[in-house]
Amino acid sequence: MTEPAPATEPGRVTITVPAWVAALRDPGVRAAIVLVGLAVGGFVMLALAWRGGARTPYVPLQLP
């Protein structure tokens, strides 16, 4: 019987990560995540401004 060869050099540790974590190293994926986050943040800010402006009974003061 023969011994299996070690996968790495002695003293080194190999770790595995899920594919979605490994995909975060791609700059395109990171840029898409940042852009989606900014878009969601923009819609949240629009909703908050709408809510605050709609509460104002005097129409000229409803401009954000």
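In this chain, residues are counted from 1 in sequence order.
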Flag yes if [X] and [Y] sit in one hydrophobic cluster, no otherwise; membership is Ile, Leu, Val, Met, Phe, Trp, Tyr, and two members link when side-chain heavy atoms are under 4.5 Å apart.
X: Leu24; Y: Val36; value: no
X: Phe43; Y: Leu35; value: no
X: Trp20; Y: Val34; value: no

Distance in Å, Met45 CE paired with Leu38 CG, rounded so as to fall on 0.5 Å steps: 9.5 Å

Arg30 to Arg25 - nearest heavy-atom pair and separation: NH2-O, 3.3 Å

